[in-house]
Amino acid sequence: GENVEQHPSTLSVQEGDSAVIKCTYSDSASNYFPWYKQELGKRPQLIIDIRSNVGEKKDQRIAVTLNKTAKHFSLHITETQPEDSAVYFCAAEYGNKLVFGAGTILRVKS
Amino acid sequence: EAQVTQNPRYLITVTGKKLTVTCSQNMNHEYMSWYRQDPGLGLRQIYYSMNVEVTDKGDVPEGYKVSRKEKRNFPLILESPSPNQTSLYFCASSLLAGRPEAFFGQGTRLTVV
């Protein structure tokens, strides 16, 4: 069935270090993979997305990589800052639905 | 300003008392959906709507109803709420199913006692 697994569930890094969050999906027909950031008490907001016709996309300190063969994609945050602390969700499009991973709590320690 | 508006933001109710959470978007989006967020489970889709009068079940539709009589509105109805429906609910809209960006409402914190 439609499934997105996300790891790790929590991640603590020192300010300035990099953070990597990984997701795997089950349906090889999925073509769209967004990442959402949710700060405490707020709504999820899109931070970056990737479509299946590219392998990598970057936007300043964040990047997403996609391996369609292995059916996994990853979020990379470089030079982490305290304001990067939040819950991050990956998602995969399955037909008319967006299926989310369980989320990763990222804590950036200053 | 482009936005998705949910009401109420917080609601405490008793088991069995029907309630409606409203959702409205001003972006002329075709696609709207409802999610519930629970710790460790992420965002799970309850129902979605591809357009007016077109709705379909998501992954966790039991105990919920929706309607899409107008393009901008997509209310979530709990006919007989139960404690296991205590959760944080988000409405979202997008041009197509989840893309290019799903805009989320502010969330509704529901507690059923």
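Proteins get letters first, then strands, A, B, ... in listed order; numbering begins at 1 in each.
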Colleague: What residue, out of P39(B), G105(B), G58(B), S33(B), has the most heavy-atom pairs lying under 4.5 Å from chain A?
Modeller: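 Highest number of pairs under 4.5 Å: G105(B).
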Colleague: Checking L41(B) against chain A: side chain, backbone, both or neither under 4.5 Å from a heavy atom?
Modeller: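 Contact with chain A is through the backbone of L41(B) alone.
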Colleague: If you draw a 6.0 Å radius around CD in Q81(A), do more than 12 non-hydrogen atoms from other residues or ligands fall strictly inside?
Modeller: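 For Q81(A), atom CD is crowded (more than 12 foreign heavy atoms under 6.0 Å).
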Colleague: Can you tell whether the side chains of E30(B) and K71(B) come within less than 4.0 Å, N to carboxylate O?
Modeller: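 A salt bridge is present here (some side-chain N lies under 4.0 Å from a carboxylate O).
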Colleague: Which atoms of Q106(B) are under 4.5 Å from chain A, going by heavy atoms: the side chain, the backbone, both sets, or neither?
Modeller: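 Both the backbone and the side chain of Q106(B) come within 4.5 Å of chain A.
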Colleague: Need one label for Q45(A): side chain, backbone, both or neither, based on atoms under 4.5 Å from any heavy atom in chain B.
Modeller: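 Neither the backbone nor the side chain of Q45(A) comes within 4.5 Å of chain B.
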Colleague: Tell me, out of V4(B), L43(B), D56(B), who's got the most heavy-atom pairs with chain A below 4.5 Å.
Modeller: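 Most heavy-atom pairs within the cutoff with chain A belong to L43(B).
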Colleague: What heavy-atom pair brings S67(B) and P75(B) nearest, and what distance separates the two atoms?
Modeller: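 Closest approach of S67(B) to P75(B): O-CD, 3.3 Å.
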Colleague: Would you mind checking if R36(B) and D38(B) are paired as a salt bridge, meaning a charged N to carboxylate O distance below 4.0 Å?
Modeller: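 R36(B) and D38(B): salt-bridged.
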Colleague: Give a yes or no answer on whether the side chain of T10(A) reaches the backbone of I105(A) with a donor-acceptor pair at less than 3.5 Å.
Modeller: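 Side chain of T10(A) to backbone of I105(A): no pair is present.
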Colleague: Under a 4.5 Å heavy-atom cut-off, does chain A meet the side chain of F90(B), its backbone, both or neither?
Modeller: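 For F90(B), side-chain heavy atoms alone lie under 4.5 Å from chain A.
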